[in-house]
Amino acid sequence: MAAVAAKPHVLVACALLLLAVGCQGSPFWPLEIGYYHDKCPQAEAVVKGVMEKAISQNPGNGAAMIRMLFHDCFVEGCDASVLLDPTTFSPTPEKLSPPNDPTLRGFELIDAIKDALEVACPGVVSCADIVAFAARDASCILSRGKVNFQMPSGRRDGTFSNASEPLKFLAPPTSNLSDLVASFVIKGLNTEDLVVLSGAHTIGRSHCSSFVSDRLNTPSDINGGLAAFLRGQCPADATPGGKDPTVMQDVVTSNKLDRQYYKNVLSRTVLFTSDAALMTSAETARMVVENAKIPGWWEDKFEKAMVKMAGIEVKTGYQGQIRKKCRAINH
């Protein structure tokens, strides 16, 4: 039986379908550096400009963006689900979950970046990419350029957000090492990623309620001098939403993203049980020592770990949407 030649338009349609579904049979494209080069050439410059101004006004704005990327990516993937406000149909989104409320900050800063991008390129840049770019720029600015990397983009925004999810995937600061490692492994990260990304605790502030009960009110290995200082700053009954002051996570270089965190771990001058836990295995203790003592070692690894984390369970291609407002899904 003679073969029947396919019509040209059918061949084109098939080729487009293959491009769309990719090798795994799903409508997915990998993230890429320079994704907005043609779509919105000024996109990354706009984000950086807003971040530079925000950090010059308050370095804590940079710390907030790095933390926001972590809290977004570990729950539903890097899809900006953490930004969604409550609605009648979704009254309890991620941002109202205990790991995020009331300590997660920076939502107004994301709004400002999105507003600027909507003026430049309406409907083009996703909120998920904004979070990733903002965290990248914060890392560069706060490290005085020592952490400087390109961030792949092309993420799309999710449409689901529920307050129960962060409780499943964001390990609390009271966690031991095995629980911390498990929380990273389930997201495709490894023990070294855990140690490296923990270095972000060299910037920003923490609420007293995150460490008082297990580090000050009960016996712990925290440095005696730091413990005395913290008891002067924090009420013994500090609770989220109540009387709950904040303190610097790193009193040595509080507004600089650097390897000081690892020196603090070695001297037991860290706030959280999860920080101290890095010294409870030979493997992670070795990594702490290397990061503390070898110039440039941690910065290089942090760049790679940030890109890796920012690729967790991303939505691309036909998945998700590009929100017009980062706080609400499109209708």
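Quick note: residue numbers are just sequence positions, from 1. Heavy-atom basis, side chains included; hydrogens, waters and symmetry copies ignored.
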Exercise for the section: Given side-chain hydrogen bond (donor to acceptor under 3.5 Å, both in side chains), test Glu94 with Ser81 step by step and report yes or no. Expected result: CA-CA 7 Å; Glu94 289 171 33; Ser81 54; 2.6 Å; yes
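- By the rule that hydrophobic residues join a cluster once side-chain heavy atoms approach within less than 4.5 Å of another member, Leu226 and Val288 end up as members of separate clusters.
- One N or O on the side chain of Ser267 and one on the backbone of Lys263 form a donor-acceptor pair closer than 3.5 Å.
- Using a cut-off of 4.0 Å between Lys/Arg side-chain N and Asp/Glu carboxylate O, Asp115 and Lys325 are scored as salt-bridged.
- You'll find the side chain of Trp298 stays beyond 4.5 Å of the side chain of Glu290, heavy atoms only.
- For the atom pair Asn100 CG and Glu165 CD, the distance stands at 12.0 Å (nearest 0.5 Å).
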Exercise for the section: Evaluate the side-chain hydrogen bond (donor to acceptor under 3.5 Å, both in side chains) criterion for residues Thr269 and Asn223: first the C-alpha distance (whole Å), next the side-chain angles of each, then the deciding distance (0.1 Å), finally the verdict. Expected result: CA-CA 5 Å; Thr269 53; Asn223 176 277; over 6 Å; no
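- Side-chain atoms of Thr316 come within 3.5 Å of backbone N or O of Trp29 as a donor-acceptor pair.
- By the neighbour-count criterion of 12 heavy atoms within 6.0 Å, atom CD1 of Ile186 is sparsely surrounded, having that number or fewer from other residues, nucleotides or ligands.
- Remark: Phe149 CZ to Ile33 CD1 distance equals 10.5 Å, nearest 0.5 Å.
- Residues Thr191 and Phe184 are not in side-chain contact: their nearest non-hydrogen atoms beyond the backbone lie 4.5 Å or more apart.
- When the side chains of ILVMFWY residues are joined at heavy-atom separations under 4.5 Å, either directly or via intervening members, Phe70 and Leu31 end up in two distinct hydrophobic clusters.
- Ion pairing between Lys95 and Asp85 holds under the 4.0 Å rule for side-chain N and carboxylate O.
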Practice task
Take Tyr261 and Asn291, measure what side-chain hydrogen bond (donor to acceptor under 3.5 Å, both in side chains) needs, and give me the verdict at the end.
Solution key: CA-CA 9 Å; Tyr261 166 79; Asn291 289 330; over 6 Å; no
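- Rounded to the nearest 0.5 Å, atoms CZ (Arg268) and CG (Asp221) are 6.0 Å apart.
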Practice task
List the steps, then state whether salt bridge (Lys or Arg N to Asp or Glu O under 4.0 Å) holds for Arg136 with Asp129.
Solution key: CA-CA 10 Å; Arg136 183 269 312 270; Asp129 276 342; over 6 Å; no
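- Classification of Lys301 and Glu192 as a salt-bridged pair holds, one side-chain N sitting under 4.0 Å from a carboxylate O.
- A 4.5 Å side-chain heavy-atom check between Asn162 and Ser90 finds every atom pair outside the cut-off.
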Exercise for the section: Apply side-chain contact (heavy atoms from CB on, under 4.5 Å) to Asn61 and Arg105, showing your working. Expected result: CA-CA 8 Å; Asn61 286 325; Arg105 301 188 304 107; 4.1 Å; yes
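- Here the straight-line distance linking atom SG of Cys234 with atom CG of Asp244 works out to 8.0 Å at 0.5 Å rounding.
- By the rule that hydrophobic residues join a cluster once side-chain heavy atoms approach within less than 4.5 Å of another member, Val196 and Val289 end up as members of one cluster.
- Side-chain atoms of Thr284 come within 3.5 Å of backbone atoms of Leu278 as a donor-acceptor pair (strictly under, hydrogens ignored).
- Thr218 contributes a side-chain N or O that, together with a main-chain N or O of Ser213, makes up a donor-acceptor pair within less than 3.5 Å.
- A donor-acceptor contact shorter than 3.5 Å links the side chain of Ser175 to the backbone of Pro172.
- Side-chain N or O atoms of Ser97 include one that pairs as donor or acceptor with a backbone N or O of Ala163 at under 3.5 Å.
- No donor-acceptor distance shorter than 3.5 angstrom exists from the side chain of Arg327 to the backbone of Leu83, with no hydrogens or angles considered.
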Practice task
Show your working on side-chain contact (heavy atoms from CB on, under 4.5 Å) between Ile294 and Arg259 and close with a plain yes or no.
Solution key: CA-CA 9 Å; Ile294 305 174; Arg259 58 194 171 100; over 6 Å; no
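- Summarising the geometry, atom CG belonging to Leu271 is positioned 12.5 Å from atom NE2 belonging to His207; distances are rounded to the nearest 0.5 Å.
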Handout entry: Evaluation steps, side-chain contact (heavy atoms from CB on, under 4.5 Å), between Leu257 and Ser139
Key = CA-CA 7 Å; Leu257 186 69; Ser139 301; 3.9 Å; yes
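- With hydrophobic clusters built from ILVMFWY side chains whose heavy atoms lie under 4.5 angstrom apart, Ile203 does not share a cluster with Val252.
- Within the 4.5 Å cutoff, the side chain of His201 has heavy atoms near those of the Asp275 side chain.
- Here the side chains of Ile312 and Cys78 are in contact, with some heavy-atom distance below 4.5 Å.
- Between Lys187 and Val75, the closest side-chain pair of non-hydrogen atoms is not below 4.5 Å.
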Practice task
Begin from the C-alpha positions of Arg67 and Thr103 and carry the test side-chain hydrogen bond (donor to acceptor under 3.5 Å, both in side chains) through to its verdict.
Solution key: CA-CA 10 Å; Arg67 184 169 183 244; Thr103 61; 3.1 Å; yes
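- Although no hydrogens or angles enter the test, the distance criterion places no donor-acceptor pair under 3.5 Å between the side chain of Arg155 and the main chain of Ile130.
- With rounding to the nearest 0.5 angstrom, the CG atom of Asp193 is 4.0 Å from the NZ atom of Lys308.
- Panel note: side chain Arg231, backbone Asn217; no donor-acceptor pair is recorded below 3.5 Å.
- When hydrophobic clusters are built by joining Ile, Leu, Val, Met, Phe, Trp and Tyr residues whose side-chain heavy atoms come closer than 4.5 Å, directly or via intermediates, Met65 is grouped together with Val307.
- Using a 4.5 Å cut-off on side-chain heavy atoms (C-beta onward), Phe160 and Asp79 make no contact.
- Using bins of under 30°, 30° to 60° and over 60° for the plane-to-plane angle, the ring pair Phe272/Phe211 lands in the tilted bin.
- Between Tyr262 and Trp297, the distance separating the two ring centers is not shorter than 6.0 angstrom.
- Residues Arg144 and Lys256 have side chains in contact (heavy-atom distance under 4.5 Å, counting atoms from C-beta outward).
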Problem - Asp300 and Glu303: CA distance, side-chain angles, deciding distance, side-chain contact (heavy atoms from CB on, under 4.5 Å) verdict - result: CA-CA 5 Å; Asp300 179 65; Glu303 293 171 356; 4.2 Å; yes
Which donor-acceptor pairs under 3.5 Å do the side chains of residues 48-60 make with protein atoms, sequence neighbours left out?
| unit_1 | atom_1 | unit_2 | atom_2 | d |
| --- | --- | --- | --- | --- |
| Ser56 | OG | Glu52 | O | 3.4 |
| Ser56 | OG | Lys53 | O | 2.6 |
| Asn58 | OD1 | Gly60 | N | 2.9 |

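- Connectivity analysis of hydrophobic side chains (ILVMFWY, heavy atoms under 4.5 Å, direct or indirect) links Phe89 to nothing; its cluster partners are none.
- Checked by atom type and distance alone, the side chain of Gln321 never pairs as donor or acceptor with a backbone atom of Ile329 at under 3.5 Å.
- Annotation for Glu118: atom CD counts as buried by contact number, over 12 foreign heavy atoms lying within 6.0 Å.
- Screening Asp214, Val270, Thr273, Leu230 for a side chain to side chain contact (heavy atoms under 4.5 Å, CB included) with Ile222, the sole residue that qualifies is Leu230.
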